[in-house]
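Have a look at the structure below, then the notes.
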Amino acid sequence: MLNLNDIMETITMIQEENLDIRTITMGISLLDCCDSDIDKSCEKVYNKIYSHAKDLVKTGEFIEKKYGIPIVNKRISVTPIAMLVAASGGDPVKYAKTLDKVAKAVGVNFIGGFSALVHKGFSTGDMELIQSIPRALAETDFVCSSVNIGSTKAGINMDAVKIMGDVIRQASQLTADRQCIGAAKLVVFCNAPEDNPFMAGAFHGVGEPDVVLNVGVSGPGVVRAALAKLPSDAPLNEVAELIKKTAFKITRMGQLVGTEASKMLGVPFGIIDLSLAPTPAVGDSVAHILEEIGLEQCGTHGTTAALAMLNDAVKKGGVMASSSVGGLSGAFIPVTEDAGMIDAARQGTLTIEKLEAMTAVCSVGLDMIVVPGDTSSETISAIIADEAAIGMVNSKTTAVRLIPAIGVEEGGELDFGGLLGNGPVMKLHSKSPAKMISRGGRIPAPMQSLKN
């Protein structure tokens with residue numbers, strides 16, 4: 001039986017508290033598109049993606065109208081393209097342009113999977129793809145890229161970490177006339193999940209079905225609004241319980257949309273990623289949730305503890321609402337995409353060191369952080385290594401999405417517009433890690449890897 005109060009509560013969440021389905025993402029395997037001729041392979045890639053995803057946007061729009069639930073993004077993720085490059089050889093940017101072309105043809109806003117998995121070393125096609133990433137992101141509009149450089153089972157590939165520092169700088173340099181947007185579409189992972197629906201890190205893992213539909217839900221504004229109704233002296237266990245119940249309601253909506261969309265498209269329903277993904281819009285901020293819990297401003301002492309409680313409560317509520325929870329699932333802290341974090345970073349309350357500590361207890365990692373344009377490749381690599389170490393030792397996904405602001409110094413800002421938002425250039429340490437990074441090699445897997 002439908003409960004009138006539940007219906008009215010959901011309407012309020014959507015209209016006043018920014019509740020939405022952040023993305024429906026169709027994952028498509030391209031393994032059967034491999035060919036020794038790169039042009040034939042690209043043709044197969046285009047045809048397969050188009051045949052499966054041509055109705056994705058239309059389906060999302062139909063569900064939006066039917067249920068009144070906003071579905072903000074419709075996206076595609078594909079098999080890591082390095083695997084196709086291994087078979088075909090040639091310039092990987094041809095694949096990137098094919099992905100961009102088909103993304104525009106079917107109307108999605110992003111397509112992910114210009115990726116390589118090199119956590120234990122480089123196989124055929126990996127190095128070619130990685131070195132082509134800056135050009136691929138500069139010469140396309142909707143293509144996103146990711147590289148997995150470490151895992152709990154394998155350790156950290158420091159040769160790859162060293163290379164990615166250069167790649168990130170080049171991606172920014174080639175798009176310096178567009179607010180360095182290239183680096184904003186590039187993620188470096190440790191323990192990358194194969195079913196993540198969120199960009200820029202989405203790719204379709206080799207263990208996934210041929211085609212699958214994954215859903216990413218979001219609702220920071222809903223959680224904050226619920227907490228605002230609690231007495232200011234409510235104990236933290238009551239705060240956690242309310243977050244858990246709210247996450248349950250958000251996830252049930254995602255389950256409904258995912259089930260309906262997969263049925264209409266004739267593809268299996270994969271997972272719900274129940275991450276709290278903020279936007280620059282007022283009232284849609286993870287930082288403001290932490291401040292509602294009782295912090296004067298996000299980034300001050302106590303932030304890590306509050307975030308740990310939030311992340312855990314979201315997961316507990318989500319797994320009660322669906323048996324298909326996956327992806328990243330938790331609280332995102334992308335600085336330029338979160339109004340509260342933008343303010344905290346501008347005022348100096350939120351620093352790179354505090355963000356690193358926060359990543360030990362939340363989803364993803366150092367996300368959408370603008371750094372000075374003269375930051376060295378070695379410093380970028382060292383930040384990647386630090387973040388990967390947190391993921392490796394804690395058996396969790398961590399990632400880095402840094403944007404060197406070419407030509408802009410500390411105190412300046414970049415403005416990407418839309419969902420990617422804007423943010424200040426954050427201060428980094430000036431002492432060099434170059435000697436350590438130049439060593440290369442591999443940081444061995446930790447004791448936690450020996451679980452067999």
Side-chain angles (χ1 to χ4, degrees), residues 115-122 146-165 168 187-196 198 201 203 205 273 275 299 301-316 325-335 350-369 378-402 428-429 431 433 435-452:
S115 307
L117 311 179
V118 296
H119 37 283
K120 210 167 184 179
F122 302 96
S146 59
V147 178
N148 192 64
I149 51 81
S151 74
T152 300
K153 292 292 287 184
I156 302 172
N157 181 349
M158 290 300 293
D159 292 324
V161 168
K162 179 181 178 182
I163 292 167
M164 290 311 299
I168 289 171
V187 180
V188 184
F189 274 117
C190 178
N191 289 321
E194 295 191 336
D195 55 6
N196 163 30
F198 285 100
F203 65 88
D273 187 318
S275 297
H301 305 296
T303 298
T304 306
L307 183 60
M309 181 184 68
L310 171 64
N311 204 61
D312 181 67
V314 167
K315 290 178 187 288
K316 286 175 177 173
V325 172
L328 297 163
S329 289
F332 285 8
I333 52 171
V335 175
L350 187 63
T351 64
I352 191 82
E353 293 83 8
K354 189 59 177 179
L355 282 162
E356 184 178 305
M358 292 163 68
T359 65
V361 300
C362 76
S363 297
V364 198
L366 296 172
D367 195 15
M368 289 302 291
I369 296 173
E378 292 84 2
T379 295
I380 296 170
S381 294
I383 293 170
I384 293 170
D386 282 343
E387 194 59 28
I390 291 173
M392 175 184 71
V393 172
N394 290 286
S395 302
K396 70 184 292 293
T397 300
T398 52
V400 170
R401 187 161 43 151
L402 295 183
L428 300 180
H429 290 293
K431 301 300 182 183
K435 183 177 178 181
M436 173 188 168
I437 297 303
S438 68
R439 290 178 182 273
R442 185 164 63 92
I443 294 179
M447 286 296 294
Q448 293 90 317
S449 67
L450 300 178
K451 292 184 178 180
N452 292 337

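A 4.5 Å side-chain heavy-atom check between Asn191 and Lys396 finds every atom pair outside the cut-off. Taking the side chain as every heavy atom from C-beta outward, Thr303 and Leu350 never approach each other to under 4.5 Å. Two residues are said to be in side-chain contact when any heavy atoms from C-beta on lie closer than 4.5 Å; Val118 and Ile163 fail this criterion.
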Kindly indicate, with the supporting measurements, whether the criterion side chain to side chain contact (heavy atoms under 4.5 Å, CB included) is fulfilled by Val187 and Phe198. CA-CA 11 Å; Val187 180; Phe198 285 100; over 6 Å; no
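Here the CG-OG1 distance, from Leu428 to Thr351, works out to 10.5 Å after rounding to the nearest 0.5 Å. Rounding to the nearest 0.5 angstrom, the gap separating the CG atom in Leu328 from the CG atom in Asp195 is 8.5 Å. Interatomic distance, Phe203 CZ to Leu117 CG, rounded to the nearest 0.5 Å: 5.0 Å. With values rounded to the nearest 0.5 angstrom, Asn157 atom CG is found 11.5 Å from Lys120 atom NZ. Rounding to the nearest 0.5 Å places CD1 of Ile384 at 9.5 Å from CE of Met158. In this structure, CG on Asp367 lies 7.5 Å from CZ on Phe332, to the nearest 0.5 angstrom.
Val161 and Ser381 get closest at one heavy-atom pair: O-OG, 2.9 Å.
Around the NZ atom of Lys153, the shell of radius 6.0 Å holds more than 12 heavy atoms that belong to other residues, nucleotides or ligands.
Listed for the Glu378 side chain is no donor-acceptor partner under 3.5 Å among the backbone atoms of Pro433. Side chain of Thr398 to backbone of Gly365: no donor-acceptor contact under 3.5 angstrom is found.
Tested against Ile383 for a side chain to side chain contact (heavy atoms under 4.5 Å, CB included), the candidates Ile168, Ile369, Leu366 yield a single pass: Leu366. Among Glu387, Arg401, Met164, the single residue meeting the side chain to side chain contact (heavy atoms under 4.5 Å, CB included) criterion with Val188 is Met164.
For Lys354 and Thr304, the side-chain atoms include at least one donor-acceptor pair closer than 3.5 Å.
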